[in-house]
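Keep in mind that this is a model prediction, so the values were computed, not measured.
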Amino acid sequence: MKKFVILSVVAVAFASVAVTAALASSTHRAANKDICVLLPDPKSSVRWETQDRPALVAAFKKAGASYVITNADGDAQKQKTQADQCLANGAKVVILVSLDAGSSIAIENAAKAKGAKVIEYDRQVKGGSSAIYISFDGAKVGVLQGRGVVAGLKAKGTYSQHPVVAELNGGQTDNNSYLFKGGYDSILKPLYKNGTFKKGPDQFVPGWDNQKAGTIFEQMLVKTGNKIDAVAAANDGLANAVVVALKAHGLKPIPLSGQDATPQGVQNIISGWQTMTVWKDTRVLAKAAARSAIQLLKGQKLTTTTTVKNGSKREPAFIIPPVSVTKANWRKLYTTGFLKKSDICNGSYKKYC
């Protein structure tokens, strides 16, 4: 256990250095860029720095666009300051990953005052006024997660034994958390209601913080006397917190959902500790965001797939379908180039490949 803690601290320190370097690089390039990207943090999911940032960079370079990418480290006020700096430097399009509604609306209002346009990227801002919302189908993500939990219970032979199903939801300031929860609840609630499943503890994780998720799940185990038969976890980081706790208590794997198709999530899948993850191909998301940014810069008509409700109005949107990934199809993540095989099949996980 001491070795695990030491290695974790070293890994976190290394990641922090890498992220700090990346952010410093972004700040260095900040002057007079047409497009400003405001990422939320490097901790709630590794995807923001390992998937979204490189995908956005590739898309902007291909489009020949000038850009700057910042990361707010989970600090909403810092994100507002970064936005103000971008706008002061002449940014004409702001691509915003919201940290909370209040600060995001302030950013959108500041952009509007400067004549700049805002793209809501991945997370919708309730009460916002963006030019377009670009994301994955959040409700469908949750449906896939709920179906994954059900499939896992059936495969394990515990579906008909009134299993206790817990829910570990995302951060309450993220509108996506409610979309995901609404999706898996649409699958699980009817089964709670008819007595097939027993509803276990159900809690949101502040800021999608994986360490807090571990503490919360430990409390869930105490509350139920370790009687939790499955978990609808909103992403791979939260799912891994469950895996760590189960292993620490000497408990066996249980059906467990995830999201983001991270290397760690896939490793948990192939080793039998996680049932599924939801693949949201950020390359598609980044290309859509870059295309919309260029269209806004040129005054062209935006490419949309639908409109979505935002308060009393409809908002133009480009919505991308998510994909369920299990032990049966996980290899498509590296055969399509989304992940590298070496990111998954290393160390003790090589034997599962």
Side-chain angles (χ1 to χ4, degrees), residues 1 3-5 7-8 11 44-47 141 144-159 161 163-170 180 184 188 200-201 203 205 208-222 224 226-279 323-334 339 341-353:
M1 184 64 183
K3 184 183 289 184
F4 172 78
V5 172
L7 289 174
S8 297
S44 63
S45 176
V46 297
R47 63 164 280 199
V141 168
L144 293 177
Q145 291 171 321
R147 288 175 180 169
V149 169
V150 170
L153 286 165
K154 287 181 177 179
K156 194 175 176 66
T158 51
Y159 177 89
Q161 297 175 14
V164 176
V165 180
E167 298 183 21
L168 203 55
N169 313 304
F180 305 148
Y184 47 76
L188 299 174
Q203 196 165 336
V205 178
W208 290 88
D209 188 293
N210 298 331
Q211 289 187 330
K212 290 178 182 177
T215 301
I216 289 169
F217 187 67
E218 289 278 0
Q219 293 168 346
M220 289 180 174
L221 288 174
V222 170
T224 60
N226 290 347
K227 176 58 177 172
I228 292 179
D229 301 301
V231 180
N235 77 356
D236 288 349
L238 306 187
N240 191 63
V242 172
V243 171
V244 170
L246 291 174
K247 289 180 177 179
H249 286 270
L251 299 172
K252 294 180 179 179
I254 57 177
L256 174 65
S257 68
Q259 180 184 179
D260 291 336
T262 63
Q264 183 181 65
V266 180
Q267 287 174 334
N268 283 334
I269 289 172
I270 63 178
S271 60
W273 283 94
Q274 186 172 321
T275 309
M276 59 81 70
T277 186
V278 178
W279 178 24
V323 177
S324 177
V325 172
T326 66
K327 194 180 285 189
N329 66 346
W330 68 273
R331 288 178 175 82
K332 70 168 61 176
L333 293 171
Y334 68 78
L339 295 178
K341 186 176 181 180
S342 58
D343 290 338
I344 304 165
C345 303
N346 54 51
S348 61
Y349 296 97
K350 280 185 178 181
K351 62 186 176 184
Y352 301 110
C353 296

Side chain to side chain donor-acceptor pair (under 3.5 Å) partners of [X], counting only residues at least two apart:
{"X": "D236", "value": "T262, Q274, T277"}
{"X": "S44", "value": "D41, W48"}
{"X": "N169", "value": "Y184, D202"}
{"X": "E218", "value": "H249"}

| request: Assess whether side chain to side chain contact (heavy atoms under 4.5 Å, CB included) is satisfied between L238 and N210, documenting all intermediate values. | output: CA-CA 5 Å; L238 306 187; N210 298 331; 3.7 Å; yes

| task | For T326, check side-chain contact (heavy atoms from CB on, under 4.5 Å) against everything at least two apart and list the hits. | result |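 Counting only residues at least two positions away or on another chain, T326 forms a side-chain contact (heavy atoms from CB on, under 4.5 Å) with M276, S324, A328, N329.
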
| task | Report the residues that fulfil side-chain contact (heavy atoms from CB on, under 4.5 Å) with A241, sequence neighbours left out, ordered by chain and then residue number. | result |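 side-chain contact (heavy atoms from CB on, under 4.5 Å) list for A241, sorted by chain: A213.
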
| task | Go through the steps for V231 and F217 under the test side chain to side chain contact (heavy atoms under 4.5 Å, CB included), then give the verdict. | result | CA-CA 10 Å; V231 180; F217 187 67; 3.7 Å; yes

| said: Suppose we screen for ring-ring contact (aromatic ring centres under 6.0 Å, His included). Which residues come up paired with W273, at least two apart in sequence or across chains? | reply: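 With neighbours one apart ignored, the set is empty.
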
| message | Suppose we screen for ring-ring contact (aromatic ring centres under 6.0 Å, His included). Which residues come up paired with W208, at least two apart in sequence or across chains? | response |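 If we apply the ring-ring contact (aromatic ring centres under 6.0 Å, His included) test to W208, skipping adjacent residues, there are no hits.
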
Apply salt bridge (charged side-chain N to carboxylate O under 4.0 Å, His left out) to [X] and list each qualifying residue two or more places apart in sequence or on a separate chain.
{"X": "K327", "answer": "none"}
{"X": "D209", "answer": "none"}
{"X": "R147", "answer": "none"}

| query | Of V149, I228, D229, which meets side chain to side chain contact (heavy atoms under 4.5 Å, CB included) against I254? | reply |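 Only one option passes, and that is I228.
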
Table please: side-chain donor-acceptor pairs of residues 345-353 below 3.5 Å, with sequence neighbours left out.
{"residue": "N346", "atom": "OD1", "partner": "Q267", "partner atom": "NE2", "Å": "3.2"}
{"residue": "N346", "atom": "ND2", "partner": "S342", "partner atom": "O", "Å": "2.8"}
{"residue": "N346", "atom": "ND2", "partner": "D343", "partner atom": "O", "Å": "3.1"}

| request: State, without any angle test, whether N235 and S45 hold a side-chain donor-acceptor pair at a distance under 3.5 Å. | output: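 Judged by distance alone, the side chains do not pair up.
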
| task | Report the C-alpha distance between N240 and N268 in whole Å, list the side-chain angles of each, state the deciding distance to 0.1 Å, and finish with yes or no for side chain to side chain contact (heavy atoms under 4.5 Å, CB included). | result | CA-CA 8 Å; N240 191 63; N268 283 334; 3.0 Å; yes

